[in-house]
Amino acid sequence: MIIYNEETRLFHLSSRTFSYILGVREGRLLTLYYGNPLPEETDLSYLAASYYSGSSFEQLEQNLPLEIPSVGTGWYGDPAVQAIGPDGNNITKLRFADYKILPHKEPLKGLPSVGVGSCKLENDETLEILLKDDLTGLQAILSYTVLQMQDGEMNALARSMRLVNGGQNELILTHMASAGFSLPSRRFDLLHLRGAWARERQIVRTPIGQGAIRIQSQRGASGHEENPFIALLAPETTEDSGPVYGLSLIYSGSFLAEAQVSPFDNTYVSIGLNPMTHQWHLQSGESFQCPEAVLVYSSKGLNRMSQTYHVLYRDHLCQSEWARKERPILINNWEATYFNFDERKLLSLAKKASSLGIELLVLDDGWFGVRNDDKRSLGDWYVNPEKLPHGLSGIAKKVNELGMKFGLWVEPEMISPDSDLYRSHPDWCLHAPGRSRTEGRNQLILDLSRKEVQDYLIRVLTGVFSSANISYVKWDMNRNMTESFSAGLPAHLQMETQHRYILGLYRVLREITEAFPQILFESCSGGGGRFDPGMLYFMPQTWTSDDSDAVERLKIQYGTSLVYPSSAMGAHVSAVPNHQVGRITSMNMRSDVAIGGNFGFELDLDKLSEKDLETARSYVNKLKDLRSLTARGVFTRLCSPFETNYTAWQFVDEKRVLLCFYRILAEPNPIPHRVYLKGLDPHKSYQVDEADASSLPPSLRQVFTGAALMEAGIPMIWDQSGDFVSRTIVFHQV
Ligand code: GLA
């Protein structure tokens, strides 16, 4: 619901779970309130007045709860908007001019967003507020949509900004945040998802104080190192109680998320494009669309915030018909063979996989050009006849005959210096004149800011994907940008290259995913280096990490679940000793961890013992039964690997509960650690599934009430000794 009160000049955006109130005072747009829902008619105009204390400094903006701070009139922090005007100065004075309430949320031009197209939500009224700088003619159009889900039980606020040059002269935009707001306290913790290759999205929570903390990527991708997401939490907030303010950006390139605490007890938090890597020249009459940000407020701790993002990003973001379909159980040949395979080996893998009930064979890197290592051939997307004498269509057909689907890996955004493509188009990569071209994994990046490069990719990929019966594509991207300049742009526009690249990438993704709606696309970037809602708009799942070790995966998947649903995470059982860390874990433990995402395998089945093959077969069967629950059930974190020797999480739907519990290191004389389930109906009864009952101590083979499982908990008694053990239990509601 969106209300504007002419008298008080307050905007009230409300839902059953939050209120967001904006005020206008002396032309400035102020965040007066964001938190628990308030009655519609609540008049907070006294707050707008109270910031103007009567001191002689009141003209300065430093102590105001600004919504979109700009530059030069007393805000001394980093601005949300800055434009350099025709006279060379950066003063940007945005003042309230007008507003409209539109009946629907509109898609953003060239950029992904939630609740549009096939994901449209009901009641998506949208508030647009127009701010203007009268001198330069710059206009900022701020857009707000309350996204209501699950009958109003879960809600989010979609925000974006469009900058329009309503003046006569060129403006150079140097700061273009998507969303920001002020909160009247400095006592917050900041939570973010930090990492690196093979250890993505580790949860970090730090108290913040006066000053600025910046969470960012300048890599031209959202990156392994930080995710485009932050949350502000009260110091006492836990998984299940206390206030949380989440901000997530629907963008796949460089970003900046920032919390700034002023000396006047104001916390300003924002998210958007990174000013270090993005500038834009706006001619008279032109507009610039900033990416969309999604704000989620929870008064009930982190789990509730995550569950809201899960529903939003699972059901209301991805345009593909696959977003809402069950995903096939796959086997990927990467860790099974690396580059060393041929048709015979792949078919042997497929044969065994099919006998276990696996549904899809994915052919990873190495099928094209002369790619027998990672030093060459990216760009040469034609089959290597030595490895695949019958081409892609030949192997796909044989895999199909085994009753399985066939999938393919590509890394389209890349070009190897040793490739036919590079030899014919040496200027098609990102590079800067006079500078050497920095390679990463022996490769350069194609300049997707150029239309001819986009067109070429669309043409080549259309050819590859039409050449065989391909049901799945893994779209990889294995390095970050250096020399992010374009041979296709004049000198003064070079700082636009990174954003133009992302717009070009989105165009290619849109055209390709629309042309092949039957293909399930999974994005990847050296594992989880581009795990963001921008990619999830086009592709419903992402390879979570190149680290497939079961123990490492507990943290990675737990951290990822802060924002992203399990239906977005690829999770595979791999070989032991694990290829990334050398750890040996049981087939059960590896499988129980992979249950937490889109389940698959990534190992050489020919090397498995009969016992492990049997375990694999039983998990495939189990997953076919459970995958509707793990993909669509309510996911709740119970016990954190970042804080304890245990990890636990649960999935709940109308009929069943799946409890997953992991102990990392063995303990002498162990305490029967209790797990307390959450979100069940206290009055309903839950019976342990027959198949799981046999492995439990007799005292646990019974019917529990929801109240008992939640309040008294269930003791985890282990019959296994040793490190790295797991247990999953299904309860049926009776
Ligand atoms: C990246 C991916 C891996 C694999 C390799 C192939 O690292 O994350 O899963 O596809 O590339 O080169």
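One-based numbering along the sequence shown. Both ligands and their constituent atoms are indexed starting at 1 by order of listing. Only heavy atoms go into these numbers, but all of them, side chains included; no hydrogens, no water, no symmetry mates.
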Q.
Any nitrogen or oxygen of Asn478 lying under 3.5 Å from a nitrogen or oxygen in ligand 1? Just yes or no.
A. yes
Q) Can you tell me if Arg441 has a non-hydrogen atom under 4.0 Å from ligand 1? A) yes
Q: Indicate, with yes or no, if the rings of Tyr456 and Trp428 have centres closer together than 6.0 Å.
A: yes
Q) Just distances here: any N/O of Asp476 and N/O of ligand 1 closer than 3.5 Å? A) yes
Q.
Minimum distance, heavy atoms only, to atom 5 (C) of ligand 1: which one of Trp543, Trp334, Trp197 is it?
A. Trp334
Q | Contact (N/O only, under 3.5 Å) between Asp365 and ligand 1 | A | yes
Q.
Test your reading of the structure: does Ser525 have an N or O sitting under 3.5 Å from an N or O of ligand 1?
A. no
**Q.** Ring-face cation of Arg553 near Trp543 (centre distance under 6.0 Å, axis angle within 45°)
**A.** yes
Q. Is it the case that Ser393 and Asn469 place a side-chain donor and acceptor less than 3.5 Å from each other?
A. no
Q: Write out the residue and atom name of the closest protein heavy atom to atom 3 (C) of ligand 1, then the distance separating them to 0.1 Å.
A: Asp546 OD1, 3.4 Å
**Q.** Side-chain donor/acceptor of Arg376 to backbone N/O of Asn372, under 3.5 Å
**A.** no
Q: Could you tell me the residue and atom name of the protein heavy atom closest to atom 4 (C) of ligand 1, and the distance to it rounded to 0.1 Å?
A: Asp364 OD1, 3.4 Å
**Q.** Those atoms of ligand 1 less than 4.0 Å from some heavy atom in Gly527
**A.** 8 (O)
**Q.** Ring-ring centroid check His499 Tyr251, cutoff 6.0 Å
**A.** yes
Q. Where is the nearest protein heavy atom to atom 9 (O) of ligand 1: which residue, which atom, and how far?
A. Lys474 NZ, 2.7 Å
Q. Does Glu200 pair with Arg194 as a salt bridge, N-O distance under 4.0 Å?
A. no
Q.
What I want to check is whether the side chains of Ser561 and Arg637 have a donor and an acceptor closer together than 3.5 Å.
A. yes
(Q) Does ligand 1 come near enough to Cys524 that some N or O of the ligand is less than 3.5 Å from an N or O of the residue? (A) no
Q. Using 4.0 Å as the upper bound for N to carboxylate O, is an ion pair formed by Asp455 and Lys451?
A. yes
